[in-house]
Each structure stands twice: as structure tokens, then as C-alpha cells.
> 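Dumping the structure here so I can ask a few things about it.
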Number of protein chains: 2
Amino acid sequence: MISNKAKYAFRALLAIASQPEGEALTSAEIARTHSIPHKFLEQILLDLKKAGILDSRRGKSGGYVMLRPADTVSFGEVLRLFEGPLAPLPCLSRNAYRRCEDCVSEAACEIRREFGRAYDASRQVLDSRTLADALHNNPYGVEPGHEVRRAG
Amino acid sequence: MISNKAKYAFRALLAIASQPEGEALTSAEIARTHSIPHKFLEQILLDLKKAGILDSRRGKSGGYVMLRPADTVSFGEVLRLFEGPLAPLPCLSRNAYRRCEDCVSEAACEIRREFGRAYDASRQVLDSRTLADALHNNPYGVEPGHEVRRAG
DNA sequence: CATAATGTCTATCTAACTGGTAGGGATAAG
DNA sequence: CTTATCCCTACCAGTTAGATAGACATTATG
């Protein structure tokens with residue numbers, strides 16, 4: 001199960017990304033319309049800003065807007081931001097690679113091999129599908145080469 | 001990342017499943033050869049026994065053997081035993097279904113839709129691959145209908 | 001029967017994490 | 001100057017992870 005924090009982040013991002021270009025949403029508005037604890041949401045939006053996904057305006061008539069276009073923000077990227085590495089084993093993570101303490105051979109490890117298959121399958125979805133795909137309900141797995149579109 | 005408990009369980013199961021028919025492995029042997037804390041492993045093996053996957057013999061020359069054949073025990077089943085539901089969202093879990101607190105429509109939920117795709121992909125691997133597949137390094141995705149072999 | 005080696009069960013402990021809450025401070029509009 | 005907003009940090013209660021400990025039950029063997 002993903003954390004509430006991550007789930008809130010997706011709700012907020014989808015709300016912000018579906019605003020008309022340039023129109024900001026305040027944390028209070030998002031919190032109210034999506035039943036998210038306000039101060040908790042503020043932390044989340046701040047994280048998204050620090051990650052370069054959102055931009056913010058302070059003061060009266062402030063709020064949040066997308067900094068990067070919604071079709072460049074993948075589900076995997078957001079999830080990693082709040083959950084850390086998505087790999088089921090440390091030895092399968094690209095960014096947070098760590099060998100298992102008592103590993104003899106990664107190539108021969110059955111657990112690594114099988115979980116690698118599961119991870120590949122999951123990653124192919126999460127790292128290719130973007131906020132824009134979700135909002136437009138874009139079909140999945142139709143166009144060839146969809147695995148690596150704008151969202152890296 | 002999966003828990004150490006689950007990882008230890010897979011190590012132990014693969015060790016037991018690769019023993020010659022009828023030959024038991026003791027918790028102490030497994031703990032030593034795989035660098036697993038002995039008492040911790042005992043709890044794990046007990047869980048696997050209670051789940052009907054392993055059988056045990058007590059007393060001198062005791063130990064653990066497979067109760068069900070290795071080609072009927074899927075990775076998903078073992079993982080669920082130690083990690084609980086694998087679904088990324090409660091509303092995607094078959095066994096532990098729960099609607100999101102403030103859900104308006106599951107059919108319209110973009111988050112549910114996208115995570116459903118990721119979960120499907122991952123589940124297709126985990127619920128089809130068995131301990132025997134892992135031990136024999138059986139190829140994956142070759143034979144049609146492999147999704148539902150002996151392991152349900 | 002005694003002993004030693006095993007599995008079985010339950011309790012306990014510490015550190016980290018989850019899911020918040022709280023209270024300011026900085027900034028900008030009007 | 002007031003008010004609404006974002007920004008930042010600290011804190012807290014409950015749960016979970018990852019064990020550790022100790023006693024009890026069962027069985028093979030001498």
C-alpha cells in the first residue's frame with residue numbers, strides 16, 4: 001500500500017494540473033475539496049515545489065501551479081519522491097543500489113531474478129504513465145515506444 | 001522494498017524446496033548457511049507451517065520439509081503472508097478491499113486506474129511464478145496460459 | 001529413563017516510520 | 001497595515017520492523 005502522503009500528493013497534482021493554464025490553486029482549496037488535512041497538505045506541496053514539479057506564488061491571491069508540464073511528470077517520479085526507492089530489493093534499485101548483506105552472486109540469486117521481473121513490469125507502467133495520461137484517460141500500451149515518451 | 005522477514009522466508013523456502021524429497025532442514029542449519037538470526041527465522045518458519053506451506057518434525061533429527069509441492073507455491077502467496085495485501089491502494093485489493101474514505105467514484109478515479117495497471121502488471125508475475133520456477137530458472141512469458149498454472 | 005536436540009509459543013524491547021498537529025515567520029495584494 | 005497565503009521547523013502518538021529472550025513440548029538415541 002502506498003502512504004497517505006503519496007496519495008494526497010497525487011490528488012493535489014491532478015487538481016492543479018487540471019486547472020486552466022496559469023490559474024493557481026491554494027492549499028486551502030485543495031485541502032477542502034479533497035478532504036486532506038490542511039497543514040499536512042502544505043508539507044506535501046512544499047516537497048513537490050522543492051522537487052521542481054510545482055511552482056508557487058505567495059501572499060494574497062497566491063497558490064500553486066505546475067512548473068513542469070503534466071505530460072512530463074510520471075507516476076513513478078512522484079511515488080519515488082514520497083516513498084523512496086520503488087524497487088522491491090535494494091539490489092534492484094538503480095538510484096539506491098545496495099548489495100544484500102550476505103549475497104554470494106546477484107546473477108545466481110533466484111529471489112532477485114523473480115522480483116526483478118515483477119519490478120520491471122510495474123516500472124514499465126509507473127515510469128511511463130504521466131499525470132496528463134491519467135487526466136486524459138490516455139489508452140495504455142497502444143502506441144509503440146510509449147515506454148519512454150517525454151517522461152523519463 | 002520488501003521486509004527482511006519476507007526475504008528470509010524466500011531464502012528458507014528455496015533452501016527447503018531444493019532438498020531431496022523427504023530430507024528435512026533444521027532452522028539452525030538454514031540460519032547458519034544464510035546468515036539469518038536464528039530465533040527470528042524460527043518465527044518465520046512457524047508462520048509458513050501455520051499457513052500450510054511447510055511441515056515440521058520435532059525432536060532430534062527434526063526439521064522442516066515442504067508440505068505443498070514447490071510448483072504450487074507462488075511468490076505472491078508468500079509475499080502476502082508476510083507483507084499483507086500487495087495492492088497499492090485498498091480499493092484495488094481483492095482480499096482486503098476498502099473504499100477510500102472520500103471516494104466519489106472508483107470508476108472515475110485516475111489514481112486508481114493508473115495504479116491498477118501497475119498492480120496488474122506486477123501481480124501477473126508474482127501470482128504466476130512459483131518456487132519451482134525460480135529454482136529451475138524456468139523461462140517466463142513463453143508458454144501461453146502460464147498466468148494460471150498450478151499456483152492459484 | 002535421561003539427555004540433548006529440535007520445534008512451539010509468548011512476551012518484550014528499541015528504533016524508525018506514519019500521519020498527523022502546532023505555531024510561528026516571510027511575502028505579497030489591496 | 002491588514003490579511004491571506006506560502007514557508008519552515010518542531011513535536012507527538014501510534015504502529016511497525018527487526019529482532020531477542022526464555023520457557024515449554026516433543027522426539028531420537030544411548
> Would you kindly give the CD-to-C1' distance between A/Gln43 and C/dT18, to the nearest whole Å?
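The answer, rounded to whole Å, is 12 Å.
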> Side chain of A/Lys60 only, heavy atoms from C-beta on: which candidate in D/dC8, C/dA5, C/dA29 is closest?
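Comparing D/dC8, C/dA5, C/dA29 against the side chain of A/Lys60, the answer is C/dA29.
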> Please answer whether the main-chain N or O of B/Leu89 pairs with a side-chain N or O of B/Arg112 as donor and acceptor at a distance below 3.5 Å.
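Pair absent, no side-chain N/O of B/Arg112 close to backbone of B/Leu89.
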> Could you report the tightest heavy-atom contact between A/Ser27 and A/Leu45, atom names first, then the distance?
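Looking at all heavy atoms of both residues, the shortest contact is CB-CD1, 3.6 Å.
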> Kindly indicate whether the side chain of B/Leu92, heavy atoms from C-beta on, has any atom under 4.5 Å from the side chain of B/Pro88.
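Side-chain contact under 4.5 Å: yes.
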> Please state how far atom OH in A/Tyr64 lies from atom C1' in D/dT5, giving the value in whole angstrom units.
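After rounding, the gap between these two atoms is 9 Å.
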> Quick one: does any side-chain atom of B/Arg129 pair with a main-chain N or O of B/Asn138 as donor and acceptor, under 3.5 Å?
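Yes, the answer is positive, given that a donor and an acceptor are paired below the 3.5 Å cut-off.
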> Would you jot down, in residue-number order, the residues of residues 22-35 of chain A having a non-hydrogen atom under 4.0 Å from DNA chain C?
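Nothing qualifies; none.
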> Using 30° and 60° as the class boundaries, would you call the ring planes of B/Phe10 and B/Phe75 parallel, tilted or perpendicular?
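Rings of B/Phe10 and B/Phe75: parallel, as their planes differ by under 30°.
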> For A/His38 and C/dG19, what is the distance between atoms NE2 and C1' respectively, to the nearest whole Å?
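Going from NE2 in A/His38 over to C1' in C/dG19 covers 16 Å.
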> With sequence neighbours excluded, tell me which residues meet salt bridge (Lys or Arg N to Asp or Glu O under 4.0 Å) with B/Glu42.
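B/Glu42: salt bridge (Lys or Arg N to Asp or Glu O under 4.0 Å) contacts with B/Lys39.
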> For A/Arg113, check salt bridge (Lys or Arg N to Asp or Glu O under 4.0 Å) against everything at least two apart and list the hits.
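Salt bridge (Lys or Arg N to Asp or Glu O under 4.0 Å) list for A/Arg113, sorted by chain: empty.
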> Tell me which residues in residues 44-59 of chain B lie within less than 4.0 Å of DNA chain C, going by non-hydrogen atoms.
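Residues of residues 44-59 of chain B that come under 4.0 Å of DNA chain C are, in numerical order, B/Leu46, B/Lys49, B/Lys50, B/Ser56, B/Arg57, B/Arg58, B/Gly59.
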> If I take atom NZ in residue B/Lys39 and atom P in nucleotide D/dA23, what distance separates them, rounded to the nearest angstrom?
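My rounded result for the distance is 11 Å.
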> Using side-chain heavy atoms (C-beta onward) and a distance below 4.5 Å, is A/Tyr8 in contact with A/Phe82?
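Answer no - side chains too far apart.
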> Looking at every heavy atom in both B/Thr72 and B/Glu77, which two are closest together, and how far apart are they?
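Heavy atoms only, the tightest pair is O-OE1, 4.0 Å.
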> D/dT5 P sits how many Å from A/Leu41 CG, rounded?
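To the nearest whole Å, that distance equals 14 Å.
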> B/Asp47: what forms a salt bridge (Lys or Arg N to Asp or Glu O under 4.0 Å) with it, not counting sequence neighbours?
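For B/Asp47 there are no salt bridge (Lys or Arg N to Asp or Glu O under 4.0 Å) partners, ignoring immediate neighbours.
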> Atom pairs, N/O to N/O, protein against nucleotides 13-18 of chain D, distance under 3.5 Å?
{"from": "D/dG18", "atom 1": "OP2", "to": "B/Asn4", "atom 2": "N", "distance (Å)": "3.1"}

